[in-house]
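Report on one structure; see the data block that follows.
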Amino acid sequence: MISFPAFESLTRCHKMRLSRYFLPILRDTPKDAEIVSHRLMLRAGLVRQQSAGIYAWLPLGLRVLSKINAIIRQEQDRSGAIELLMPTMQSADLWRESGRYDAYGKEMLRIKDRHDRDMLFGPTNEEMVTDIFRSYVRSYKDLPLNLYHIQWKFRDEIRPRFGTMRSREFLMKDAYSFDVDEAGARHAYNRMFVAYLRTFARLGLTSIPMRAETGPIGGDLSHEFIILASTGESEVYCDKSVLDLAVPGPDTDFNNVEELQTIVSNWTKPYAATSEMHDEAAYASVPEDRKVAARGIEVGHIFYFGTKYSEPFGAKVTGPDGVDRPVHMGSYGIGPSRLVAALIEAFHDDQGIAWPVEIAPFHVGLINLKVGDEATDAACETVYRALEARNIDVLYDDTDARAGGKFATADLIGLPWQIIVGPKSLADGKVEVKRRADGERHVVTIEEAVLLVAG
RNA sequence: CGGGGUAUAGCGCAGUCUGGUAGCGCAUCUGGUUUGGGACCAGAGGGUCGUGGGUUCAAAUCCUACUGCCCCGACCA
């Protein structure tokens with residue numbers, strides 16, 4: 001099977017000249033944007049609003065989204081999930097089978113095709129994936145199975161707001177697990193739990209799993225993954241000790257039931273709940289100096305729902321005893337388009353965005369302070385080619401703008417490293433390297449600069 | 001869905017009360033002077049004033065209907 005990271009590395013362009021790029025920077029803040037991530041996404045040319053809660057992803061924003069998706073894919077694949085791609089448009093008949101065509105209400109965007117058939121823009125895919133499953137899978141030997149896709153969803157929110165944080169059209173990674181019994185489903189749940197911890201950590205985020213509403217099934221198998229941010233929509237309460245837990249490493253054995261259960265148990269032991277699930281009595285027993293009451297952004301949600309869909313859909317497998325049983329299912333969602341906004345909430349300062357290295361749209365911004373000058377042009381070309389040779393993503397500012405404007409743009413779009421080439425340092429054969437996150441600068445030779453940013 | 005706003009050049013706004021044929025800043029283009037943290041001078045281009053209907057000699061401006069967008073509340077990756 002061709003893995004997506006390999007596919008993406010074939011198509012990704014590693015270098016770009018700003019003079020030839022499409023990067024519409026806004027100097028002024030559009031008045032609609034209330035929260036900092038929304039402002040910066042518009043100003044840095046990541047997205048453009050096309051309608052209420054509907055956004056076009058501009059080239060720089062798409063690069064970030066793609067990098068997030070690549071990390072999500074790697075961790076989903078590592079945990080044993082398998083990617084497919086289901087359509088955005090779905091037939092209403094499928095949703096009538098589960099009873100959700102009526103139950104979903106106005107949040108579902110309903111459409112009629114030319115033959116007057118009832119269609120809808122999918123807000124989620126439980127029905128469709130269950131239909132796919134029941135069409136092909138007959139035996140317990142084919143389980144466990146976890147199918148996921150990354151696809152656009154539409155939920156006709158009453159009031160979309162906060163840019164891509166709460167949009168109507170949004171990208172979602174949704175995974176669906178199928179197991180022969182509840183014990184198997186619990187292990188499937190734990191696999192996703194660990195995959196999520198790893199995914200958010202790789203994105204540079206500290207995520208906290210919190211008990212969430214379980215719906216009709218009950219039990220303890222639903223968690224929201226929350227990152228702390230003052231602009232978050234959720235009120236959260238937790239025991240600070242959860243922040244010190246070690247994230248499971250890449251060598252985690254996802255087939256080892258005990259190992260995963262131990263990890264999940266450790267992570268769910270400290271108190272952590274959103275306001276809906278908050279238990280004052282339990283919170284009161286958390287030592288005073290470890291209490292955290294804050295706001296958070298929900299970036300992931302996992303839950304087990306047993307046979308809620310498999311039963312009405314007749315999604316059964318034949319067990320070793322020859323008896324057919326409906327499969328036990330769970331679903332697991334991450335919102336990449338929301339994550340872009342959440343990441344900016346977590347990584348910005350007064351000058352603009354400061355992307356974590358893993359998901360920065362480019363790794364390096366190469367700034368030519370005197371375009372047209374033979375020496376600076378030549379030095380920049382040398383750096384540009386050296387970075388290209390090492391497959392380091394570079395955005396080369398070869399425009400003839402003034403120094404101040406270039407610095408402002410570079411800080412705004414927030415690439416992790418800036419290599420600044422100007423006559424001043426070049427007089428000594430040096431260039432300047434600036435780390436965006438903390439502003440630390442080094443005046444070094446070109447060779448040293450390339451090594452420095454290469455890490 | 002209820003409440004409150006708003007709609008004039010790519011962005012931010014003035015002009016509306018008191019009707020007379022559209023302006024400012026930024027951005028863009030041209031020329032010049034500049035050039036290490038968002039320069040300066042001179043010139044230029046760009047607008048069915050959200051849409052439809054109405055009043056009037058005349059509508060961005062008054063009346064009316066509609067629509068888009070934003071904000072505040074209850075639901076959600």
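Order of the sequence lines sets the chain letters (A, B, ...), proteins ahead of strands, with each chain counted from 1.
Contacts of A/Lys406 with the nucleic acid, taken as non-hydrogen atoms under 4.0 Å apart, are absent. Residue contacts shown for A/Gly405 include a base, since a base heavy atom lies under 4.0 Å away. In this structure, A/Glu157 reaches the bases: a heavy-atom distance under 4.0 Å links it to at least one base atom across the strands shown. No engagement by A/Glu224 is indicated, since no non-hydrogen atom pair under 4.0 Å with the nucleic acid exists. Within 4.0 Å (heavy atoms only), A/Arg43 reaches at least one base atom of the nucleic acid. Among the atoms of the strands shown, only primed sugar atoms or phosphate atoms (P, OP1, OP2) are found under 4.0 Å from some heavy atom of A/Ala52. Across all strands shown, A/Gly300 has heavy atoms under 4.0 Å from sugar-phosphate atoms exclusively, and none from any base. Within the nucleic acid shown, A/Thr376 has no heavy atom closer than 4.0 Å to any nucleic acid atom.
For the C1' atom pair drawn from B/A7 and B/U61, the interatomic distance equals 14 Å after rounding to whole Å. As rounded to the nearest Å, B/C62 and B/C24 have C1' atoms that lie 26 Å from one another. Rounded to the nearest Å, the gap between the P atom of B/G36 and that of B/G23 is 37 Å. For the P atoms, the distance from B/G20 to B/G4 is 31 Å, rounded to whole Å. Using C1' as the reference atom, B/G19 and B/C49 are 15 Å apart when rounded to the nearest Å. Rounded to whole Å, the separation between the P atoms of B/A14 and B/A58 comes to 30 Å. Comparing B/A59 with B/C75, their C1' atoms are spaced 44 Å from each other, to the whole Å. Distance noted for atom P between B/U30 and B/U18: 47 Å (whole Å).
Closest to the side chain of A/Leu369, out of B/A77, B/G36, B/A74, is B/G36. Which of B/A77, B/C1, B/C69 sits closest to the side chain of A/Ser51 comes down to B/C69. With distances taken from any side-chain atom of A/Arg338 to the nucleotides B/A77, B/A74, B/C70, the minimum falls on B/A77. Checked against B/A77, B/G37, B/C1, the side chain of A/Ile158 finds its nearest nucleotide in B/C1. Nearest nucleotide to the side chain of A/Gln49, out of B/C70, B/G36, B/A77: B/C70. Among the nucleotides B/C75, B/G36, B/A77, the one closest to any side-chain atom of A/Arg161 is B/C75.
Distance A/Ile420 CD1 to B/U35 C1': 16 Å, rounded to the nearest Å. Taking atom CG of residue A/Asn368 and atom P of nucleotide B/U35, one finds them 16 Å apart after rounding to whole Å. Computed from coordinates, the A/Ile35 CD1 to B/C71 P distance equals 10 Å when rounded to whole Å.
Across every strand in view, B/U67 sits in a pair with B/A7 that passes the Watson-Crick or G-U test at under 3.5 angstrom. Pairing partner, B/C1: B/G73, with both Watson-Crick or wobble hydrogen-bond distances short of 3.5 Å. The base-pairing partner of B/G37, taking Watson-Crick or G-U wobble contacts with both distances under 3.5 Å, does not exist among the strands shown. Base pairing of B/C62 is made with B/G54, judged by Watson-Crick or G-U wobble geometry with both donor-acceptor distances under 3.5 Å. For B/A27, there is no paired nucleotide, since no Watson-Crick or G-U wobble pair has both relevant distances below 3.5 Å. The nucleotide B/G19 finds no pairing partner, because no Watson-Crick or G-U wobble arrangement with both distances shorter than 3.5 Å includes it.
Side-chain atoms of A/Gln418 and A/Arg435 include no donor-acceptor pair closer than 3.5 Å. Neither side chain, A/Gln151 nor A/Asp174, offers a donor N or O lying under 3.5 Å from an acceptor on the other. For the 3.5 Å distance criterion, the side chains of A/Gln76 and A/Arg78 fail to qualify, holding no donor opposite an acceptor.
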Under 4.0 Å protein heavy-atom contacts per nucleotide of nucleotides 4-12 of chain B, with B for base, S for backbone only and - for none: -------BS
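With sequence neighbours excluded, no residue satisfies side-chain hydrogen bond (donor to acceptor under 3.5 Å, both in side chains) with A/Lys15.
Geometrically, A/Arg436 does not engage A/Phe347 in a cation-pi contact, judged by NZ or CZ lying under 6.0 Å from the ring centre and within 45° of the ring axis.
Closest non-hydrogen pair, A/Phe193 versus A/Phe225, comes out as O-CZ, 3.8 Å. Contact detail for A/Gly296 and A/Ile226: the closest heavy-atom pair is CA-CG2, 3.6 Å. Looking at every heavy atom in both residues, A/Ser91 comes nearest to A/Leu120 through O-CD2, 4.3 Å. For A/His149 against A/Leu85, the heavy-atom pair with the smallest separation is CB-CA, 3.9 Å. Annotation for A/Pro336 and A/Ile72: closest pair CG-CD1, 3.8 Å, computed over non-hydrogen atoms.
Of the residues in residues 410-417 of chain A, those placing a heavy atom less than 4.0 Å from an atom of RNA chain B are A/Asp411, in numerical order.
Along RNA chain B, the nucleotide closest to A/Leu171 and the one closest to A/Glu432 are compared, and the more 5′ of them pairs with A/Glu432.
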Anything under 3.5 Å between a donor and an acceptor, one on a side chain of residues 356-365 of chain A, the other on a protein residue two or more places apart or in another chain? List them.
unit_1   : atom_1 : unit_2   : atom_2 : d
A/His363 : NE2    : A/Val453 : O      : 2.8

Compile the donor-acceptor pairs under 3.5 Å between side chains in residues 28-38 of chain A and protein atoms, sequence neighbours left out, one pair per line.
unit_1  : atom_1 : unit_2   : atom_2 : d
A/Ser37 : OG     : A/Glu345 : OE2    : 2.7
A/His38 : NE2    : A/Tyr55  : OH     : 3.3

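Stacking between A/Phe407 and the base of B/G36 is absent under the criterion of ring centres within 5.5 Å and planes under 30 degrees.
Note on residues 119-130 of chain A: pairs passing salt bridge (Lys or Arg N to Asp or Glu O under 4.0 Å), not counting sequence neighbours, are A/Arg100-A/Glu126, A/Arg100-A/Glu127.
With hydrogens and angles ignored, a donor-acceptor pair under 3.5 angstrom links the side chain of A/Ser425 to the base of B/G36. Side-chain atoms of A/Arg159 and base atoms of B/G3 include no donor and acceptor less than 3.5 Å apart.
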